[in-house]
Each structure stands twice: as C-alpha cells, then as structure tokens.
Amino acid sequence: MADPKHSSTELSEAEIAVHWKEEEYFYPSARFISQANLVDHNVEKRFSLENFPNYYKEYADLLDWYQYWQTTLDTSNPPFWRWFVGGLLNASYNCIDRHLARNKGKAAIIFVPEPEEEPATAITYQELYVRVNETAAALREFAGLKQGDRVTIHMPMVPELPVTMLACARLGVIHSVVFGGFSGQACGDRIADSGSHVLVTMDSYYRNGKLQDHKEKADQAVAHAQTCGAKVNKVLVWRRQRGAYHSKTPMVKGRDFFMDEVLPNYFGKIVAPVQVKAEDPMFLMYTSGTTGKPKGIQHSTGGYLAYVAGTAKYILDIHPEDIYWCMADIGWITGHSYIVYGPLALGTTSVIFEGVPTYPDAGRPWRIAQRLDVNIFHTAPTAIRQLRKVGPEEPRKYNYHFKLMVTVGEPIEPDVWRWYYNEVGKKPAVIVDTWWQTENGGFLCSTKPALNPMKPGSAGPGVPGIHPVIYDEKGKELSPGSQRAGNACIRNPWPGIMQTIWGDHDRYVQTYYAKYCKNRKSKDWRDWPYFAGDGALYAADGYLRILGRVDDVINVAGHRLGTKELESAALMVPEVAEAAVVPVVDPIKGRLPEVYVALKPGVTIAHNEIQKKVVASIETTIGKIARPAHVWVAEDMPKTRSGKIMRRVLAALSNNMAVGDITTLANPDVVEHIKTMVQAHAKPAAPADAPEDIKRFGQSE
Ligand code: WTA
C-alpha cells in the first residue's frame, strides 16, 4: 500500500514528470522576414542580463517624453520597481496627438458592429483626438475628475470604450475597466475596492443577434457598491444608438447622464494632456487569485506604455500601415495592451469587433478580415477551437492574407495550433503563442516571429529582455531539457510589470515574490524572481510549454476565475453548508468549473432547485462567464481528518480520473457515493493523459 505520508509530499510538488511528444518546428517565410521589425540576430545579446536594465531604453525611446527620464530602474524598495524615473509623459498624447502631424486622416480604430448590415466605421486619428478631448473635458468639468482619481468603466466592445480610457489617460485619471460580461455585483465590488465615484457605462450592445440591456447592471453595481460603503455620484451612460435608449431601467435623476447629451457642451474643447510621472499609475485591472477577493492590479504609465509599444512592435510585428485585429475584449488585459495602447502608440489601425466570432456563422471573422484587409490577427485558443468546430473549412472561402497570427490566454493543443496554421493562416502566416498575465502588462514568452521557429503548443523562449527560470518547489532551478515540470518564474523585473495590488501591498509581495525571494532585505533585483503561478516545462531548446495554473484559478475560455470566488457565491445560497469548485476539461472552453455542494442539516429541497439557486447566485455575483458545467449535490464532502475539503479528489471524479490515494480521508465512503452520482451522468472517457493542471489541482491543500 502506498505510504500516505510519502504520497502527500509527492503530491504537493509541482514537478511531475511530463511525457509529451516534441513537436516539429515551423519556419517563418522569407517574405515575412523581409518585412519584419525584428530581424537582428544579435537581439539576444543586446537584451542579455549583463545589459539589464539599460536595454529597455530601446522601448522607452518608442515614446515621446515631455521630460526624459534619468534612472532606468530604481530598485531601492523591492519588489516595488520604479521604471524610467524622472520621466514625464502622457499616454493619450503618445497614442493620438503625436500621430496627427503625419497621419491625422488615417484610421486609428475601425469599429465593426455585430449586425452585419450595420456598416463598419473608421475613426481617424483626428476624429479620435476630437472625441477624446471632448470626453476628457466632460470627465474633468462635468464629472469633476482630476489626476489620481479612479473611474470604473463597465462597457462592451464599442469605440466609446477606448475613447473613455484615453480621455482618462489624458487627465491622469486612473481607469478601472471591468469586463462587460461581469455582473453588476462584480462591478460593484470593483467600484468599492478602487474607490471610484464615477461609473461609465453603456445602455446596450449587440451580442448573438440581440440587443442586450447593459444599463441595468449599472444600477445593480451602484447599489452593491453602496452596501460596501462606496458612493457613486455620477453614472455616465453612452448610448449604442444615438438618441435611443435601450434599457428597461430608468435613468436616475441627478445621478445618471447620457454622454451624447453631455458632450455637446464641450464641443471642440481641447484639453492639454496632463504631464504625469512615468511611475504614476495609469490603470487598474482586477483579476482573480487564490482568495475570494479579486486583486486590483496596478499598472504604471511610462513603464507599461513603453513595454506594450515595444512588444507590439517586435512580437506582433506591427507597422503603422498594418490593419491589426485583436478579437479579445478590451475589458481584459489583452485588449488594454494589444487593442488599445500598444497598437495606437505605434500609430497603426486597430479593429474593434462588437460581437461573437460565430455569429451569424463561423465565416464572420474571415469576412471581416477580407473586407478590411486585416493582416495581423490576434485571438485565443477557445475561439480557435470553436471556429474549427463549427466551420473547419470556412477560412478557405475568403480571400484575406494574414502575415502574423497570435494565440494567447490558454495553452493551445498542437492539433488546434496546426488547424490555425494551415487553415486560418493558410501557411504563410507566422504564429506567435504569447504567454503572459494581467500582472505583466505585456508578453513574457513568445517566439520572435522572424527569428525563431514556431513549435505547436509551446509559447517559446522569453521575449527580448525577459529571462525565464523554472524552479521546483524547493527553489532549485530545472534546467532546459530536464523533462520535469516546475513553476514558471522570471529572473528580472521589466517595465510592464504591475506596480502593486491596489490597496494591498502585502498581498502583492506575498503572491508574486514571497515564494522564491532569496533575501527579503536585499535591494538587488536578482534576489527577487517573479513567481507567475503557472506550471511549465522547459524544453532543451529553451522554449517554455505552459501547463496551466498552479493555484486555485480556473482558466475558462481564457478568463481567469478564482475557485474561491465561485465557492463564496455558492455559499450565498442559504441552504448550502459547504461548497467546493473544481475544473473540468471542456473541448472548446479549455476548462469549466464544476461545483459540489453539501446542504445544511435538515434542509429538504429538490436537487434541481438547489442547482438552479447555485447557478443563479454565481451568475449574479460573478457573471454568466462563470456558469458551472454542473452542480453536484453531495451528502458530504470528502475531507481530511482535520476537516479540509479534498478538492483534488473531486477534481479527479469530475474528470473521470482515478482518485488516487484516499486513505487519509476522514470519510472515504463519501467518495464512492459521489462517484456513483457523477458517473450516472454521461461523462467523456477519461483523457488518455490528463492535463497537468487537473492532475495537480488541489494537491497543495
Ligand atoms: C494563461 C491573459 C498558455 C496562464 C494574457 C496565465 C497561457 C493566465 C497563455 C493569465 C499561453 C496566458 N499559453 N497559457 N500563451 N497566455 N495563459 O491574466 O495560465 O487573463 O497565468 O492574462 O492565462 O491570464 P490573464
């Protein structure tokens, strides 16, 4: 019999031997290379650690500074890194004003509405300049916002979203964009945490062919924020259709205002960009972590903008004349960095698409690509899987030419990668698989598109200047080719790294640095490797293969959901005594959450009733994106003798895998009971080789 003590130490480690096939290399075409921004074979040397941090001057020099900075990196208070100290700049100036002299008539944004009969609209740099200025004037004069204030923006994929963000940046106001799909309550939590007194929203938007009511969420958000002690004074409401209001909730007098009624008062008004310090915060972006409360990731202005401009230029290969389309939502970090700030800083044309990729059919993205002559395409594995499923041959019908394609957000299966390469990219397009996180501002690992071959399923080496390292649980480095999985870390700071967690410096240090810090007193950045929270494998060629989260985060269709957030939502249902959430493999979305609940003693309620209540509670507290694949009502939870729920056992059951050693459980019988219940439902056959994140899930508990 297995020695339980031995197996539990073994299980608590991330370093599981992984057997995976080395994939073959794919090479960029000569045509791509001949036009690429980054073709210098010396780049590795220029960006080697001996030249750290000075090599990032190259990125900073992509921006215009009112006052040039003096210190590249100040490490006097690790891990609170300060980049380009002494510099003054403005992000909105860098994304708009500086392009006017030569490119005022060029499209900055092309907006593609979901209804196909509604024509796409191009917003020139001049028009963007005017709209951002008028909006900035309204935010300053009508809403009373000034530098350092926070504003929560809860909007769908419409051009008014980047207009509002850039207007904030013009004023030095810190924006906190909440993904439009989040519920009103989730938005309210973020309003309260950030201390926003102004909420910017929209009445409605198109999704899957229907005009959705969005303003109703604003009312819920404001009400919920109030219960958290936060008062919203003004709600600014953009309208999807000028002059028409499509929400069933009334406008609240004295609090809610239509932007299209406010803006005419600021007609033609120009607002001088506020010169902010490089290290002044530019925005917050909330993301999920190991505890129930989302973290407000705080990003700087100078370091962040330099980093996204640099990576957009060298990894996305953006040239000013490209038509670049990233299908992510601006409400996530990918949209901030690689729809808005990176592309606009480089003066290119960025496409914004309102709708879902498969509506009205799986040919939609390729029609858009053909019509706008998009040449750089950026999306996530979940969308690629979906498009492959519903329209595997659809791309062939359309005449578009991508030079480069991006995948981001989740590990991509080599098979899905090959479809993307062969069918969507039609072979000429280079693929970059970019691994990074909300906390990072921009890419960490990816191939350099003209310099490194691609390898399906592997993100690649660190991008220029990023020096990855894989540690085992004890802090020992795993060398490339070791065939053991470990924790992905970065040896050095970089300009795009977050500054802190808003209002919670300790949590910042604890979450990202405590695990592998070599000396808490040290002011040397070498002692402070960044812990990413992802498992990874380092191949002999120096490419990283990302295996997924090592913490309690589930990556659903590329969206990070904290299991603890879902569990607390389930626990809001009065009948529920205990709740546990585990990831289950889904062929399209990557992972989905499954919820296990045990009821309070004496409660009698039909299972389908409780299931409905749990789903409703999750949708209200988080949003529909968190809707569980299934809610299981168990008579009890499998527990250790000390009373901890064994989530790894539940994860195994949900994924039709062997539960492993359960001799340490206080109540092993419960496992049989749950197994019978789960297996009574049709489940996919056990995956031949279960993904690492599933195998590891809950093992550290
Ligand atoms: C996962 C999204 C594999 C990873 C930019 C990370 C990836 C989390 C990749 C961050 C990739 C992101 N390959 N996994 N190319 N990109 N991830 O904060 O687990 O929404 O920690 O940022 O997504 O998600 P976030």
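Just so you know, ligand 1 is whichever comes first in the structure, and atom 1 is the first atom listed for that ligand. A quick note: this is a predicted structure, and the numbers were derived from the prediction, not measured. All values below come from the heavy atoms of this structure, side chains included, with hydrogens, waters and symmetry mates left out.
Within the structure, the closest approach of Pro411 to ligand 1 falls below 4.0 Å when heavy atoms are considered.
Considering backbone and side-chain atoms alike, Gly409 places an N or O below 3.5 Å from some N or O of ligand 1. Inclusion of Glu410 in the set of residues having an N or O under 3.5 Å from an N or O of ligand 1 is warranted. Between Arg549 and ligand 1, a contact under 3.5 Å exists for at least one N or O pair. Residue contacts with ligand 1: Thr334 is placed with no nitrogen or oxygen under 3.5 Å of a nitrogen or oxygen of the ligand (distance criterion only). For Arg560, a nitrogen or oxygen atom sits less than 3.5 Å from a nitrogen or oxygen atom of ligand 1, counting backbone and side chain alike.
Among protein heavy atoms, atom 18 (O) of ligand 1 sits closest to Thr438 OG1, 2.5 Å.
With Tyr420 as the aromatic partner, Arg388 does not meet the cation-pi criteria of under 6.0 angstrom to the ring centre and within 45 degrees of the ring axis.
Salt bridge status for Arg484 with Glu692: absent, with no side-chain N to carboxylate O gap under 4.0 Å. Salt bridge Lys455/Asp433: absent, no basic N to carboxylate O contact under 4.0 Å.
Judged by distance alone, the side chain of Ser482 and the main-chain N or O of Leu478 form no donor-acceptor pair under 3.5 Å. For the pair Asp329 (side chain) and Trp332 (backbone), a donor-acceptor distance under 3.5 Å is absent.
In summary, the atoms of ligand 1 found under 4.0 Å from a heavy atom of Asp534, numbered by their order in the structure, are 4 (C), 6 (C), 19 (O), 21 (O). Less than 4.0 angstrom separates some heavy atom of Asn555 from each of these atoms of ligand 1: 1 (C), 23 (O). Listed by number with element, the atoms of ligand 1 under 4.0 Å from a non-hydrogen atom of Asp433 are 11 (C), 13 (N), 15 (N). Ligand-side atoms of ligand 1 in range of Ile546: 3 (C), 14 (N), range being under 4.0 angstrom from any heavy atom. Ligand 1 places these atoms under 4.0 Å from at least one heavy atom of Ile333: 5 (C), 22 (O).
Under 4.0 angstrom from ligand 1, the non-hydrogen atoms of Trp436 come from both its backbone and its side chain. Only backbone heavy atoms of Thr434 (N, CA, C or O) come within less than 4.0 Å of ligand 1; its side chain stays farther off.
Here the OH-CH2 distance, from Tyr307 to Trp436, works out to 9.5 Å after rounding to the nearest 0.5 Å.
In the model, Thr201 has no side-chain atom that pairs as donor or acceptor with a side-chain atom of His154 under 3.5 Å.
Applying the side chain to side chain contact (heavy atoms under 4.5 Å, CB included) rule to Pro411 yields no partners; only residues at least two apart in sequence or on another chain are considered. Residues passing the side-chain hydrogen bond (donor to acceptor under 3.5 Å, both in side chains) test with Arg385 are Glu410, Glu413, sequence neighbours excluded.
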